Colleague: 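My structure is below; once you've seen it, I'll send some questions.
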Protein chains: 2
Amino acid sequence: MGTANQKTIQQIQSENSDFFRIAFSVDCVIFGFHKNELNVLLLKSDLEEFKDKWSLLGDLVRTDENLDDAPYRILQERTGLKDVFLEQVSTFGDIDRHPAGRVITTVYYSLINVKDHLLRLQHHELSWFPVTKMPQLAFDHYKILQTCIKKLQDKIDKEPVVFNLLPEKFSLRELQNLYEAILDTKLDRRNFRKKLFLMDWLEDAKEMEQDVPHRPGKLYHYRASTTKPATAQTLVQ
Amino acid sequence: MGTANQKTIQQIQSENSDFFRIAFSVDCVIFGFHKNELNVLLLKSDLEEFKDKWSLLGDLVRTDENLDDAPYRILQERTGLKDVFLEQVSTFGDIDRHPAGRVITTVYYSLINVKDHLLRLQHHELSWFPVTKMPQLAFDHYKILQTCIKKLQDKIDKEPVVFNLLPEKFSLRELQNLYEAILDTKLDRRNFRKKLFLMDWLEDAKEMEQDVPHRPGKLYHYRASTTKPATAQTLVQ
DNA sequence: AAAGTATGAGTAACTTGTACAACAAATTAT
DNA sequence: ATAATTTGTTGTACAAGTTACTCATACTTT
């Protein structure tokens with residue numbers, strides 16, 4: 001802060017309480033992987049202005065919590081999930097983005113494993129939607145969602161974050177389906193395999209797929225502590 | 001916003017004004033290029049807690065301005081510069097990041113051309129510092145600065161943003177010095193030339209350097225509207 | 001005139017990326 | 001049971017991109 005350097009917050013508060021008429025919230029784009037599609041968890045809005053529209057999970061930031069802690073709290077309150085992957089994306093603060101007043105919101109996206117952890121959904125108004133079939137979204141949440149998808153697409157090319165969306169053990173086919181769902185493209189299965197092994201992210205689980213209507217594939221799990229450095233720079237063609 | 005959906009901001013304000021005891025600011029990391037070094041514009045802090053420390057340029061966000069407009073206003077107020085390059089980086093909101101109270105801040109970085117525009121610096125306490133020789137910074141501004149440098153390093157590899165730091169016309173040598181300063185590495189002169197022409201960002205200015213103590217190089221300027229697509233993916237080795 | 005430094009253009013070796021061919025293993029249809 | 005089909009797995013050939021390095025030329029300084 002610059003001018004604020006010259007005064008204390010208390011002074012500013014007493015002189016001009018107008019600055020404190022801005023509310024501050026956090027919104028979460030929660031991604032899951034369902035039936036070979038990338039999904040987002042949405043909440044039915046019951047604001048009169050946005051009847052029948054859906055919105056991201058969010059809440060006001062508490063005065064006694066760090067900004068980066070707020071999305072963890074929200075996720076736990078709404079879904080029961082702890083220790084999830086979360087990353088800050090961007091902050092949106094147009095004057096008119098919320099019809100009820102001035103609200104600046106910081107957006108996070110989260111990657112959660114839907115299959116292993118059954119969600120304890122507090123409200124019936126919570127529901128998953130494939131990113132390809134989004135309903136009408138309230139506020140500027142469509143723009144926010146697109147920003148998060150773009151960020152996720154950039155991220156998975158270099159960082160091993162997709163494993164947060166998968167169960168402990170998975171086949172290469174499942175992993176490739178996930179990449180294809182996120183990137184919205186088809187990938188060559190032989191080159192995909194080659195690059196992934198160069199990345200050194202996978203470890204053989206010494207198990208095979210069960211009850212699949214085709215030749216079962218090997219199962220792998222994510223190698224958390226990478227010993228060798230990755231030799232491939234990027235993953236996708 | 002989620003729970004906020006169920007209530008209007010006015011209701012929340014009247015019920016619990018505590019949420020409005022968070023102040024909201026914007027901080028700017030202003031980069032310039034001086035004597036082959038990447039520099040940052042800093043302001044001498046006169047908060048008692050941070051005597052003799054320096055801080056980024058910042059200010060509280062006004063209730064009647066869009067968040068993304070605030071850094072433009074701050075830059076114009078402090079330096080007289082308009083139409084500068086600005087990009088949002090991240091938002092910092094730890095409880096104790098500001099000694100005088102709860103302040104959440106959104107950080108932007110800016111790239112400005114120091115040689116062409118002489119800055120109208122309002123205060124004498126404004127000064128440029130090379131990123132390699134930073135003074136003690138107030139608040140969490142050192143952490144913020146490092147985040148911005150990282151972001152800038154990632155960005156220049158793929159996007160033609162560095163030209164905001166240079167005068168209209170420049171030599172390849174100057175451009176390479178700039179890249180080397182930002183990335184803190186040495187680059188091969190011949191490969192740098194090759195890749196830059198592949199990027200198709202440059203146009204021959206049909207002029208030569210003047211008054212240099214060596215063989216003068218050609219001057220180029222940035223080709224704003226790229227016709228051909230770039231053939232090189234990344235710039236740096 | 002010689003030495004030093006910088007620009008400018010090019011080439012060869014190497015690494016990485018892409019598009020396939022071929023086959024093996026399991027399942028499903030006939 | 002056999003053939004057709006789907007998926008997993010290994011490998012090869014070629015294209016594209018990266019890296020390292022040679023050479024020639026132009027200008028300045030001593």
Side-chain angles (χ1 to χ4, degrees), chain A residues 35-36 153-154 156-158 166-167 169-181 183 185-221 228-237, chain B residues 35-36 153-154 156-159 166 169-181 183 185-221 228-237:
Chain A
K35 294 178 184 169
N36 287 342
Q153 288 175 338
D154 288 347
I156 63 170
D157 199 37
K158 292 172 185 170
L166 291 172
K169 295 166 186 172
F170 49 85
S171 69
L172 266 178
R173 162 62 48 191
E174 288 176 289
L175 186 58
Q176 183 179 338
N177 286 342
L178 175 52
Y179 267 93
E180 291 181 341
L183 298 171
T185 50
K186 285 284 165 193
L187 301 175
D188 184 281
R189 75 185 196 283
R190 294 155 292 193
N191 295 334
F192 182 79
R193 147 185 301 274
K194 210 185 307 175
K195 284 202 178 182
L196 256 159
F197 287 132
L198 281 177
M199 286 291 190
D200 201 44
W201 290 341
L202 298 181
E203 203 162 36
D204 195 332
K206 312 268 185 196
E207 282 182 55
M208 304 297 276
E209 281 181 305
Q210 301 286 329
D211 304 318
V212 284
H214 53 74
R215 170 180 166 182
K218 274 188 185 176
L219 295 184
Y220 298 88
H221 50 77
K228 307 178 217 167
T231 50
Q233 276 75 28
T234 58
L235 190 65
V236 179
Q237 302 154 352
Chain B
K35 295 180 185 168
N36 287 342
Q153 288 175 338
D154 287 346
I156 63 171
D157 198 36
K158 291 171 186 172
E159 304 285 338
L166 291 172
K169 295 166 185 171
F170 48 86
S171 68
L172 267 178
R173 161 62 45 193
E174 288 177 288
L175 186 59
Q176 184 178 337
N177 285 342
L178 175 52
Y179 267 94
E180 291 181 343
L183 298 170
T185 49
K186 286 284 167 195
L187 301 175
D188 184 280
R189 176 172 57 85
R190 296 149 293 191
N191 296 334
F192 181 78
R193 146 182 302 273
K194 209 184 312 174
K195 285 204 178 182
L196 257 161
F197 287 130
L198 281 178
M199 286 291 190
D200 199 44
W201 291 341
L202 298 182
E203 203 162 35
D204 194 333
K206 311 269 185 197
E207 281 182 57
M208 304 295 277
E209 281 182 307
Q210 301 285 331
D211 304 317
V212 283
H214 53 71
R215 170 180 168 183
K218 273 190 186 176
L219 295 183
Y220 298 88
H221 50 77
K228 308 178 218 165
T231 51
Q233 277 75 29
T234 59
L235 192 64
V236 178
Q237 302 154 352

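Treat the numbers as computed from the prediction; the structure is a model and nothing was measured. The sequence lines fix the lettering, A, B, ..., with proteins before strands; numbering per chain opens at 1.
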Colleague: Can you tell me how far C1' of dT9(D) sits from CG of Leu196(A), to the nearest Å?
Modeller: 15 Å
Colleague: Can you check the Phe192(B) CZ to dA20(D) P distance for me, whole Å?
Modeller: 16 Å
Colleague: Quick check: any donor-acceptor pair below 3.5 Å linking the side-chain of Asn191(A) to the base of dA19(C)?
Modeller: yes
Colleague: In this structure, how many angstroms lie between the C1' atom of dT16(C) and the CZ atom of Phe197(A), rounded?
Modeller: 19 Å
Colleague: Is there a side-chain polar atom (N or O) of Lys195(A) under 4.0 Å from OP1 or OP2 of dT18(C)?
Modeller: yes
Colleague: Quick one: side-chain contact (heavy atoms from CB on, under 4.5 Å) partners of Gln153(A), sequence neighbours excluded?
Modeller: Ile149(A), Lys150(A), Ile182(A), Leu183(A)
Colleague: With rounding to the nearest 0.5 angstrom, report the NZ to NE2 distance, Lys169(A) to His221(A).
Modeller: 7.0 Å
Colleague: Would you kindly check whether a donor in the side chain of Arg190(A) faces an acceptor in the base of dT18(C), or vice versa, at under 3.5 angstrom?
Modeller: no
Colleague: Can you tell me how far the CZ atom of Arg193(A) sits from the CG atom of Asp188(A), to the nearest 0.5 Å?
Modeller: 11.5 Å
Colleague: Between the base of dT10(D) and the side chain of Lys194(A), is there a donor-acceptor distance below 3.5 Å?
Modeller: no
Colleague: Can you tell me how far apart CD (Glu174(A)) and OH (Tyr179(A)) are? Round to the nearest 0.5 Å.
Modeller: 14.5 Å
Colleague: Would you tabulate the nitrogen or oxygen pairs shorter than 3.5 Å linking the protein to nucleotides 5-8 of chain D?
Modeller:
| from | atom 1 | to | atom 2 | distance (Å) |
| --- | --- | --- | --- | --- |
| dG8(D) | OP2 | Arg173(A) | NE | 3.2 |
| dG8(D) | OP2 | Arg173(A) | NH2 | 3.3 |
| dG8(D) | N7 | Arg189(A) | NE | 3.3 |
| dG8(D) | N7 | Arg189(A) | NH2 | 3.1 |
| dG8(D) | O6 | Arg189(A) | NH2 | 2.7 |
| dG8(D) | N3 | Arg215(A) | NH1 | 3.3 |

Colleague: Take the protein atom CG of Asp188(B) and the nucleotide atom C1' of dA20(D), then report the distance between them rounded to whole Å.
Modeller: 7 Å
Colleague: Going by the rule salt bridge (Lys or Arg N to Asp or Glu O under 4.0 Å), which residues pair with Glu180(A) if we only count those two or more places apart in sequence or in a different chain?
Modeller: Lys186(A)
Colleague: If I take atom CG in residue Leu187(A) and atom P in nucleotide dG17(C), what distance separates them, rounded to the nearest angstrom?
Modeller: 14 Å
Colleague: Atom CE of Met208(B) to atom P of dT28(D): distance rounded to whole Å?
Modeller: 11 Å
Colleague: I need the minimum non-hydrogen distance between Phe197(B) and Leu172(B), along with the two atoms involved.
Modeller: CZ-CD1, 4.0 Å
Colleague: To the nearest angstrom, how far is Leu198(A) atom CG from dT10(D) atom P?
Modeller: 13 Å
Colleague: Just by distance, do the side chain of Gln176(A) and the backbone of Leu187(A) share a donor-acceptor pair under 3.5 Å?
Modeller: yes
